[in-house]
Amino acid sequence: MSEKVIRRSLAVLPMGTVMKLTSLTARQIRYYDDHGLVQSQRTSTNRRLYSLNDIDRILEIKDYLAEGMNIDQIKRVYTKQSERKNQQQKRKAGQVSDNRVREYLRDDILRAGGLYPNSNSQF
DNA sequence: ATTCTTACA
DNA sequence: TGTAAGCA
């Protein structure tokens, strides 16, 4: 994972900062939070901390709401989005093992046909 | 001073 | 959503 990605997901911003960055009230930000739409962290004293990615998501949610979507619809947007990501991950993992199989198969075929590269003096 | 939870308008 | 109370 690149440092950039890690930094953007580091939760370091307290409520007051998020309010200024999003022009939302603490009430609204907590509302998104309580519905699980943002993955904020908590300090040892129960204070919420947000990351830059959280800020982006909060602004996105704000737009969705402004366009007339309700919380449940927005939830679906993100759950379906992560479903797609999991599918892509599975496809990627499948490709890797498929390539492995092809590699073994190629070796077997070459060996069986006596066409293995640099095998003239081998064996 | 700042943020949190709960509850009521 | 806003706001107020009482706590951390």
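In what follows, chains are A, B, ... by sequence order, proteins preceding strands, each numbered from 1.
Contacts of A:Ser51 classified as side chain to side chain donor-acceptor pair (under 3.5 Å), with partners at least two apart in sequence or in another chain: A:Asp54. A:Arg57 pairs by the salt bridge (charged side-chain N to carboxylate O under 4.0 Å, His left out) definition with nothing, not counting sequence neighbours. With sequence neighbours excluded, the residues that form a side chain to side chain donor-acceptor pair (under 3.5 Å) with A:Thr45 are A:Thr43. Listed by chain and residue number, nothing satisfies the salt bridge (charged side-chain N to carboxylate O under 4.0 Å, His left out) test with A:Arg47 (two or more places apart in sequence, or in another chain). With sequence neighbours excluded, no residue forms a salt bridge (charged side-chain N to carboxylate O under 4.0 Å, His left out) with A:Asp63.
Within the model, atoms NZ of A:Lys92 and OG of A:Ser97 stand 13.5 Å from one another, a figure rounded to the nearest 0.5 Å.
A:Leu49 and A:Leu59 are assigned to two separate hydrophobic clusters, defined by single-linkage of ILVMFWY side chains at heavy-atom distances under 4.5 Å.
The neighbour count for A:Gln73 CD, taken as heavy atoms of other residues, nucleotides or ligands under 6.0 Å away, is above 12. More than 12 heavy-atom neighbours from other residues, nucleotides or ligands sit within 6.0 angstrom of CZ on A:Arg8.
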Symbol by symbol from the 5' end, with Watson-Crick or G-U pairs under 3.5 Å, [ ] crossing and | another strand, DNA chain C is ||||||.|
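A 4.0 Å heavy-atom criterion places the boundary nucleotides of DNA chain B facing chain A at B:dT2 to B:dT5, written 5' to 3'. Where DNA chain C meets chain A (any atom under 4.0 Å from a heavy atom), the bounding nucleotides read 5' to 3' are C:dT1 to C:dA8.
Counting heavy atoms from C-beta outward, A:Tyr50 and A:Gln41 have side chains that stay 4.5 Å or more apart. Side-chain contact between A:Tyr32 and A:Ile74 is absent, with no heavy atoms from C-beta onward closer than 4.5 Å. You'll find the side chain of A:Ile61 reaches within 4.5 Å of the side chain of A:Val38, heavy atoms only.
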_From CA spacing to verdict: side chain to side chain contact (heavy atoms under 4.5 Å, CB included), A:Arg106, A:Leu110_ = CA-CA 6 Å; A:Arg106 180 186 62 101; A:Leu110 289 176; 3.9 Å; yes
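Residues of residues 23-44 of chain A that place a heavy atom closer than 4.0 Å to DNA chain C, in numerical order, are A:Thr25, A:Arg27, A:Gln28. Only A:Asn46, A:Arg47, A:Arg48, listed by number, bring a heavy atom of residues 46-66 of chain A to less than 4.0 angstrom from any atom of DNA chain B.
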Please output the side-chain donor-acceptor pairs of residues 77-84 of chain A that fall under 3.5 Å, not counting sequence neighbours, one pair per line with the distance.
| from | atom 1 | to | atom 2 | distance (Å) |
| --- | --- | --- | --- | --- |
| A:Tyr78 | OH | A:Glu60 | OE1 | 2.6 |
| A:Thr79 | OG1 | A:Lys75 | O | 3.3 |
| A:Thr79 | OG1 | A:Arg76 | O | 3.1 |
| A:Ser82 | OG | A:Tyr78 | O | 3.3 |
| A:Ser82 | OG | A:Thr79 | O | 2.9 |

Please tabulate, one pair per line, all N/O donor-acceptor pairs under 3.5 Å involving side-chain atoms of residues 12-25 of chain A, not counting sequence neighbours.
| from | atom 1 | to | atom 2 | distance (Å) |
| --- | --- | --- | --- | --- |
| A:Thr22 | OG1 | A:Val18 | O | 2.7 |
| A:Thr22 | OG1 | A:Leu24 | N | 3.4 |
| A:Thr25 | OG1 | A:Gln28 | N | 3.2 |
| A:Thr25 | OG1 | A:Gln28 | OE1 | 3.3 |

